[in-house]
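The block underneath contains the structure these notes are about, expressed in structure tokens.
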Amino acid sequence: MKLINQTAIVTGSSSGIGRAIAVAFGQEGANVVVNYNSSREKALEVVKQIKAAGGKAIAVKAHVGKEADVIQMFEKTVATFGRVDILVANSGVQNDSSFLKMTLEQWENVININLTGQFLSAREAAKHFVAQAEGETVDRAISKIICMSSVHDMIPWAGHINYAASKGGVLMFMKSIAQELGPLKIRVNAISPGAIQTPINKSVWSSEQNMKELMNLIPYRRIGQPEDVAKVAVWLASDDSDYVTGETLYVDGGMMLYPEFSDKG
Ligand code: BGC
């Protein structure tokens, strides 16, 4: 088990990629905080699943875009498990619209959850990491932050500019804090998933025609599964990746390879 005796907070882990990461972390021996905002029932199911496999987990409600909520989530974590070693800043939403029709509310909602949410969670995590490491000398990272990004931190996405802008922001946010936290022995990395079969893109995978078109964008010719991302998250959270910081790992079946150019251009 690669994460034994470590405590991990996974934001937005009542479903999708976050859920798979919470479950995988539990299997690797971590104590897991399953964060949710509105889906309490689903979060409790994830907790149940982790416990059934012999792991330890609690569900904690917090809106990642609200400072007081985030602070309270970390306090609950420490009150329950005594410390916190890993943050997966995973919560993310889409609120799509053409640029001309996008409202300020749609823009702010996505930036708040996807970008400000990562700022608030990572800042709180780093404060706890630094305080609890005082006086400790270690020959590996004392703690780890994983930011969930997207291929749209690089691939422009018409009709989703709030989302693409938030993920582009995550890219530089992640790299800048990795630079600042490196000397403190805190590793910070990002995962950029491509099309992963989760509720966020149900409109794509629930339609045969949309799936057919999607395959033209994926050289590996299959949609990703949440577990594909969870395995990479386990690696980034574990000491196996101890010399990796400030990196973005694209988990996308080759979506970043400009597949449209394979027979054109
Ligand atoms: C989006 C999905 C989309 C994928 C590939 C993700 O970040 O949330 O809706 O299918 O990128 O375009």
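Numbers here are sequence positions counted from 1. First listed ligand is number 1; within each ligand, the first listed atom is number 1.
Closest heavy-atom contact between Glu247 and Asn189: N-OD1, 2.9 Å. The minimum heavy-atom distance between Ser192 and Ser150, with the atom names listed, is OG-O, 3.3 Å. The two residues Ser241 and Trp235 make their nearest non-hydrogen contact at OG-O, 2.8 Å.
Of the possible polar contacts, one joining the Asp252 side chain to the Met255 backbone as a donor-acceptor pair under 3.5 Å is found.
The number of heavy atoms from other shown groups lying within 6.0 Å of CD (Glu208) does not exceed 12.
Taking a heavy-atom cut-off of under 4.0 Å, ligand 1 is surrounded by Gln94, Ser150, His152, Trp157, Tyr163, Gly194, Ala195, Ile200, Asn201, Met255.
In this structure, His152 and Trp157 have parallel ring planes: the angle between them is below the 30° cut-off, well short of the 60° mark.
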